[in-house]
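Here is the naming used below: chain letters follow the sequence lines, and residue numbers restart at 1 for every chain.
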Amino acid sequence: MTTLIVIDQPPYGSWTGREAMDMLFSLAAFDQPAALLFIGAGVNWLRRSQNASGIGQKTVEKNLSAAPLFGVDRIYAEQAACDRFLPDAGQRVNGVELAPSVKQLLDQHDHVFFAG
Amino acid sequence: MTTLIVIDQPPYGSWTGREAMDMLFSLAAFDQPAALLFIGAGVNWLRRSQNASGIGQKTVEKNLSAAPLFGVDRIYAEQAACDRFLPDAGQRVNGVELAPSVKQLLDQHDHVFFAG
Amino acid sequence: MPTLLSYTLVITGAPWSSQAPQTALTFARALIDAGHRLDRLFLYGEGVHLASALSAPPSDEPHWPQEWSAFLTEHRIAGVACIASALRRGLVDEREQARYELSAHNLRAPFQIAGLGEWVDGTLTSDRVMYFHGSA
Amino acid sequence: MPTLLSYTLVITGAPWSSQAPQTALTFARALIDAGHRLDRLFLYGEGVHLASALSAPPSDEPHWPQEWSAFLTEHRIAGVACIASALRRGLVDEREQARYELSAHNLRAPFQIAGLGEWVDGTLTSDRVMYFHGSA
Amino acid sequence: MKQAQDIGTLHILNKAPDHPRFMTCLSSLSDQDTLVLIENAVLALSDADTALPRHTVALEADTEARGLSATVTGAQQISHAQLVELTEHHSRIISW
Amino acid sequence: MKQAQDIGTLHILNKAPDHPRFMTCLSSLSDQDTLVLIENAVLALSDADTALPRHTVALEADTEARGLSATVTGAQQISHAQLVELTEHHSRIISW
């Protein structure tokens with residue numbers, strides 16, 4: 001069974017994305033294949049050079065870069081949302097695959113759920 | 001000082017609108033002039049014939065019809081949002097004034113805040 | 001006659017900021033009435049507030065923590081609040097109270113506190129996993 | 001030199017579901033540093049969770065209830081959680097615990113529980129009233 | 001990766017029509033999928049700006065609460081028992 | 001009903017650009033108003049689909065958190081101390 005977790009909320013404004021990452025890592029810890037998809041304003045998770053110390057939080061970039069180490073299969077980002085918020089590939093963290101069709105990606109996974 | 005409370009969330013899906021009504025009634029209890037403005041999907045508060053017993057809640061229509069009794073000055077609804085969700089005046093509860101311009105209404109009040 | 005199925009329900013929306021606990025409860029009752037089995041209710045994120053023992057809404061308002069608690073007890077269904085979500089948001093049982101030297105515990109019976117492994121187990125063993133989110 | 005002003009801050013967004021408690025705290029520190037006065041912090045709706053005495057986030061995460069509590073205590077500022085919002089959501093002091101025969105109380109000092117009159121008073125007497133909502 | 005009994009996906013949507021997730025959901029449906037409107041999403045039935053897909057149903061408790069049950073023409077109204085039946089017949093369910 | 005010192009309203013906006021309240025806010029501004037982007041709203045600075053008004057400022061702690069502080073050109077970045085100053089000079093403040 002393959003699981004896809006979808007994040008459409010931007011980072012820092014709420015905790016839902018972080019808690020979805022915890023779910024992702026739990027699946028990986030139990031050797032369950034899992035991937036992550038950022039859509040809409042959620043793609044702002046993927047911007048380089050974040051520094052959340054001024055708002056008293058930990059930078060989410062570190063959570064993300066840990067994903068491959070924890071056995072997370074793939075990190076996808078909606079193409080249209082990247083065109084809107086992060087058009088230049090150099091603005092994005094490494095290892096992100098662009099998804100031209102959200103629908104197609106949803107169809108490829110057995111278990112799909114949103115981060116709250 | 002006149003206060004305008006703005007509700008842009010539909011009823012039942014959350015408690016913010018109800019809690020904003022409590023704020024409205026508190027102002028009125030202290031003889032402070034207060035009015036209510038529904039915008040966007042919030043205009044769905046104003047539909048007739050609601051019956052929330054099947055979802056275990058009290059129907060908000062009753063909260064609304066109490067407003068004039070409690071000394072609330074006016075109830076406004078954004079014209080464009082009504083055109084979208086409640087185009088027929090007969091669908092709306094009594095005593096609602098249509099506001100063609102949200103901006104103008106905000107400008108007419110000293111203290112403006114949103115229901116959460 | 002349909003095949004009987006097992007379900008895991010996950011609630012992430014809080015009572016009084018979402019309709020999720022109420023929708024999930026009506027759904028849970030309907031699935032039991034249809035002869036299916038509810039393996040587990042899992043509370044995550046803001047959903048953990050449903051397990052509060054201290055909620056005291058006005059008597060003419062719904063009391064979702066109480067209603068869920070009665071339902072879980074009647075049908076002997078496990079209700080689990082995720083430990084990480086719960087600790088952040090101030091929902092603790094006696095054990096966590098002691099561990100973190102807190103002044104009280106406020107977890108409503110029969111809810112328990114446990115890790116995300118309970119949710120992973122649900123995704124692996126229940127026939128259906130359904131999520132009840134907030135709508136904002 | 002600017003005129004010194006008085007402020008009432010209202011938080012409606014919950015810790016861990018919104019940035020509101022953190023934004024409001026940084027703003028509150030800046031207004032005190034500028035010589036202004038904070039009359040009162042008023043917690044409403046989901047914002048009442050900021051007054052939980054039982055929050056226990058991981059030690060490397062921000063602890064907003066603790067930080068706000070320390071700030072209010074240091075500057076002798078009133079922190080008020082709306083009673084109706086708080087009772088629904090399971091935030092109670094000793095008095096409400098007794099009145100509703102609950103198993104515990106979980107209001108963090110120096111927060112108090114009081115009615116919306118405190119907020120109305122803020123709108124009438126403070127020079128500025130500012131709202132910190134959730135962003136979802 | 002699809003289930004054996006491929007009758008499409010059951011999409012359960014609870015967001016109001018002006019929520020960004022609402023449109024993402026609508027644009028992610030296949031012809032054989034079924035869309036269930038619950039909670040705030042039933043307001044789409046009264047929304048002049050929203051065109052709903054063919055296989056749309058709405059939870060009656062939610063349409064009734066919002067004063068819509070008498071006027072709805074765009075979707076069949078279903079009970080919670082019928083929603084349970086839909087989940088019996090769809091092994092793939094997405095909650096939006 | 002306007003205050004004596006009429007320099008416009010201070011609008012403090014914390015919603016992401018795809019939130020319905022974001023557009024309502026932008027369409028409710030007058031020329032003499034000031035818009036402060038905080039929290040998720042600072043993402044508008046990187047949003048190809050949003051045109052911001054002339055008097056827009058953004059809270060620097062929030063642009064930095066989101067990796068935007070180095071690239072922002074559409075708005076002045078301000079500290080919390082400067083936000084306090086703005087609230088000194090505006091008796092009329094709306095938090096969106």
Please output the side-chain donor-acceptor pairs of residues 27-35 of chain A that fall under 3.5 Å, not counting sequence neighbours, one pair per line with the distance.
| unit_1 | atom_1 | unit_2 | atom_2 | d |
| --- | --- | --- | --- | --- |
| Gln32(A) | NE2 | Phe30(A) | O | 3.2 |

(message) Using heavy-atom distances under 4.5 Å, tell me whether Ser26(A) contacts chain C through its side chain, its backbone, both, or neither.
(response) both
(request) Kindly check if the number of other-residue, nucleotide or ligand heavy atoms within 6.0 Å of CZ (Arg48(A)) is above 12? (result) yes
(request) Can you check whether anything in residues 43-82 of chain C gets within less than 4.5 Å of chain A, heavy-atom wise, and list it by number? (result) Tyr44(C), Gly45(C)
(message) Could you check whether His109(A) and Thr2(A), counting side-chain N and O atoms only, form a donor-acceptor pair closer than 3.5 Å?
(response) no
(message) Using a strict threshold of under 4.0 Å (side-chain N to carboxylate O), is an ion pair present between Arg18(A) and Asp22(A)?
(response) no
(request) Hey, could you give me the OG1/CD distance between Thr16(A) and Glu19(A), rounded to the nearest 0.5 Å? (result) 8.0 Å
(request) Check for a donor-acceptor pair, side chain of Thr26(C) on one end and backbone N or O of Gln22(C) on the other, with a separation under 3.5 Å. (result) yes
(message) Within this structure, what is the NE2-CD1 distance for the pair His133(C) and Ile11(C), rounded to the nearest 0.5 Å?
(response) 11.5 Å
(request) Drop me the distance from Thr8(C)'s OG1 to Arg128(C)'s CZ, to the nearest 0.5 angstrom. (result) 12.0 Å
(message) Could you measure the distance from the CG atom of Leu9(C) to the CZ atom of Arg40(C)? Nearest 0.5 Å is fine.
(response) 11.0 Å
(message) Can you list the residues of residues 105-126 of chain C that sit under 4.5 Å from chain A, counting heavy atoms only?
(response) Leu116(C), Gly117(C), Trp119(C), Val120(C), Thr123(C), Leu124(C)
(message) Applying a heavy-atom distance below 4.5 Å, give me the residues of residues 84-93 of chain C that approach chain A, sorted by number.
(response) Ser85(C), Arg88(C), Arg89(C)
(request) With rounding to the nearest 0.5 Å, note down the distance linking CZ in Phe132(C) to OG1 in Thr12(C). (result) 10.5 Å
(message) Given 3.5 Å as the limit, does a donor-acceptor pair link the side chain of Gln50(A) with the main chain of Thr59(A), or not?
(response) no
(request) Look up atom CG in Asp73(A) and atom CD1 in Ile75(A), then write down how far apart they are to the nearest 0.5 Å. (result) 10.5 Å
(message) Whether the side chain of Glu78(A) engages the backbone of Gly40(A) through a donor-acceptor N/O pair (distance < 3.5 Å, no angle test) should be reported.
(response) yes
(message) Under a 3.5 Å distance rule, please check whether Asp8(A) uses its side chain to pair with a backbone N or O of Gly42(A) as donor and acceptor.
(response) no
(request) Using non-hydrogen atoms and a 4.5 Å limit, figure out which bit of Phe114(A) sits close to chain C: side chain, backbone, both or neither. (result) both
